[in-house]
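Remember, it's 1-based here, ligands and their atoms both numbered in the order they're listed. No experiment lies behind these values; they were computed from the predicted model shown.
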Amino acid sequence: MQLYLFIFFLLLLLCFSVSISNVSSLSSDGVALLSLSKRWTSVPASISSSWNASGSTPCEWVGIECDNDHNVVSLKLTGYGISGQLGPEISRFRYLKTLDLSVNKFSGKIPTELANCSLLENLDLYENGFSGEIPESLFAIPALAYVHLYSNRLNGSIPGNVGNLSELVHLYLYENQFSGVTPSSIGNCSKLEDLYLAENQLIGELPKSLNKLENLVYLDVAINSLEGSIPLGSEGTIPSSFGQLKYLSILYLPLNHLSGKIPPELGKCESLKELLLYTNQLVGEIPRELGMLTQLEDLKLFENRLTGEIPVGIWKIQSLQHILVYNNSLTGELPVVMTELKQLKNISLFNNLFFGVIPQTLGINSSLWLLDFTNNKFTGKIPSSLCRGKQVMEVESGFQSISRYHTF
Ligand SMILES: *[C@@H]1O[C@H](CO)[C@@H](O)[C@H](O)[C@H]1NC(C)=O
Ligand SMILES: *[C@@H]1O[C@H](CO)[C@@H](O)[C@H](O)[C@H]1NC(C)=O
Ligand SMILES: *[C@@H]1O[C@H](CO)[C@@H](O)[C@H](O)[C@H]1NC(C)=O
Ligand SMILES: *[C@@H]1O[C@H](CO)[C@@H](O)[C@H](O)[C@H]1NC(C)=O
Ligand SMILES: *[C@@H]1O[C@H](CO)[C@@H](O)[C@H](O)[C@H]1NC(C)=O
Ligand SMILES: *[C@@H]1O[C@H](CO)[C@@H](O)[C@H](O)[C@H]1NC(C)=O
Ligand SMILES: *[C@@H]1O[C@H](CO)[C@@H](O)[C@H](O)[C@H]1NC(C)=O
Ligand SMILES: *[C@@H]1O[C@H](CO)[C@@H](O)[C@H](O)[C@H]1NC(C)=O
């Protein structure tokens, strides 16, 4: 009898422990995710109901992907309106390759413990309220390739060890509050294609090492407080390394305090489509080498202190759409060859020293949108070719300059 009782209790104990182990059988990654989410508020029901402890792994949970061994390799929760903090528990995901918490309301710092996710390749924390500095340890993760941290409130300097990221392809840090100078080590990120640092408080010169980034496609450092000259081959200081930016398509450096001349070496960036250097303190002439840019669409050099003529080669670039050079001290006559540009849409020469006759066939073969020739020294008549279509024209005090013109 006692034996039966003993066996009965033994069985009961067994059942009990089985049921306990059922409850606590969620993998350590699952447990870590639950503790990570304890720091979050306004988590939508779609996540909170899916993230429950009833299974053995979190691999079916919303936003989670696992490898074959049920390790979490991807955590993607974009645009859920989640607020709260990214806690140090993130370090427990040793196999994590993708962390995407973009377009939420996260605040607080990026935890230094994130650096323990040593396989991390994609870091998407953009459009949140993260603040404080980028932990230097983050840029010691060797696999990091796509770093999208734009539109946050991050500050401090861009960590100088960024040059250690040999796999880096995208570095998107725009719309933050970064200060200090751009680290020259960045020239060592040899796979870098897109570098977006716009709308920060960066100062000083751009490093000459940028010339080493031979895969660079986009370089955007607009709206900062950059000083000194444009480093791309400037003043022949690095003749050997320059001319390698053959994929550079977009160069945006407007709204800074850049001085010096426009480097003629830019003419070797054969893929350049958009060259935006407006609102700086650039001096000297527009280099005739820019006429070699056969893919150029957008040339915006307004609000500088440029002198001399627009090189005739620029008026022969068939892809040219917008040429805005107002508020400089440019001079010269407009060549007839400009009337052959079929893509041309906007020309603003306002407030310069151009003279001579406006070519009479201007606009015959293109759909011009904006023409602003005011405050120059043009003579002669408004081209009759412009007097067609639906257009708005202002003729200033009997003088033949055209201030606004719309044909579409
Ligand atoms: C727990 O989550 C799983 C999938 O993540 C879901 O199928 C199940 O309905 C959830 N259970 C509860 C009680 O919400
Ligand atoms: C991160 O990794 C380091 C060693 O690489 C270890 O000393 C530290 O304890 C880890 N931190 C966490 C929070 O896991
Ligand atoms: C950068 O890389 C070098 C060599 O690869 C290494 O010695 C150094 O510790 C790294 N620095 C940082 C801050 O990760
Ligand atoms: C960065 O911002 C934090 C507040 O989020 C502030 O305490 C800190 O002083 C700032 N650091 C720098 C270098 O501006
Ligand atoms: C770039 O890498 C080279 C060689 O790997 C190294 O000697 C140099 O110190 C690095 N430059 C910077 C600025 O980190
Ligand atoms: C261009 O120059 C004119 C005249 O000097 C000045 O009034 C105007 O503010 C300048 N335009 C801009 C956008 O700065
Ligand atoms: C306009 O285009 C026509 C047909 O392509 C061409 O014959 C003519 O020379 C062009 N005119 C100008 C001013 O480019
Ligand atoms: C230039 O032209 C386009 C039409 O192609 C127009 O949408 C744009 O606003 C114009 N203005 C400037 C300043 O480029």
**OP:** For Glu274 and Tyr252, test the side chains for any donor-to-acceptor distance below 3.5 angstrom and give the result as yes or no.
**Re:** yes
Original post:
Under 3.5 Å, is there a donor-acceptor pair between the Asp29 and Ser27 side chains?
Top reply: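 Result is no, nothing qualifies.
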Subject >> Of Asn128, Asn104, Thr41, the residue whose pairing with Ser83 passes side-chain hydrogen bond (donor to acceptor under 3.5 Å, both in side chains) >> reply: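 Per the side-chain hydrogen bond (donor to acceptor under 3.5 Å, both in side chains) rule, the option paired with Ser83 is Thr41, out of Asn128, Asn104, Thr41.
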Original post:
Contact residues of ligand 4 with a heavy-atom cut-off of under 4.0 Å?
Top reply: Ser131, Glu133, Asn155, Gly156
Subject >> Within-4.5 Å side-chain heavy-atom neighbours: Leu96 and Leu119 >> reply: no
**OP:** Indicate the ring-plane relationship of Tyr172 and Tyr196, choosing parallel, tilted or perpendicular according to the 30° and 60° boundaries.
**Re:**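 Ring orientation of Tyr172 relative to Tyr196: perpendicular.
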**OP:** Using distance alone, decide if ligand 8 has a nitrogen or oxygen within less than 3.5 Å of any nitrogen or oxygen in Asn346.
**Re:** yes
Subject >> Closest non-hydrogen atom pair, Ile82 against Pro44 >> reply: CG1-CD, 4.2 Å
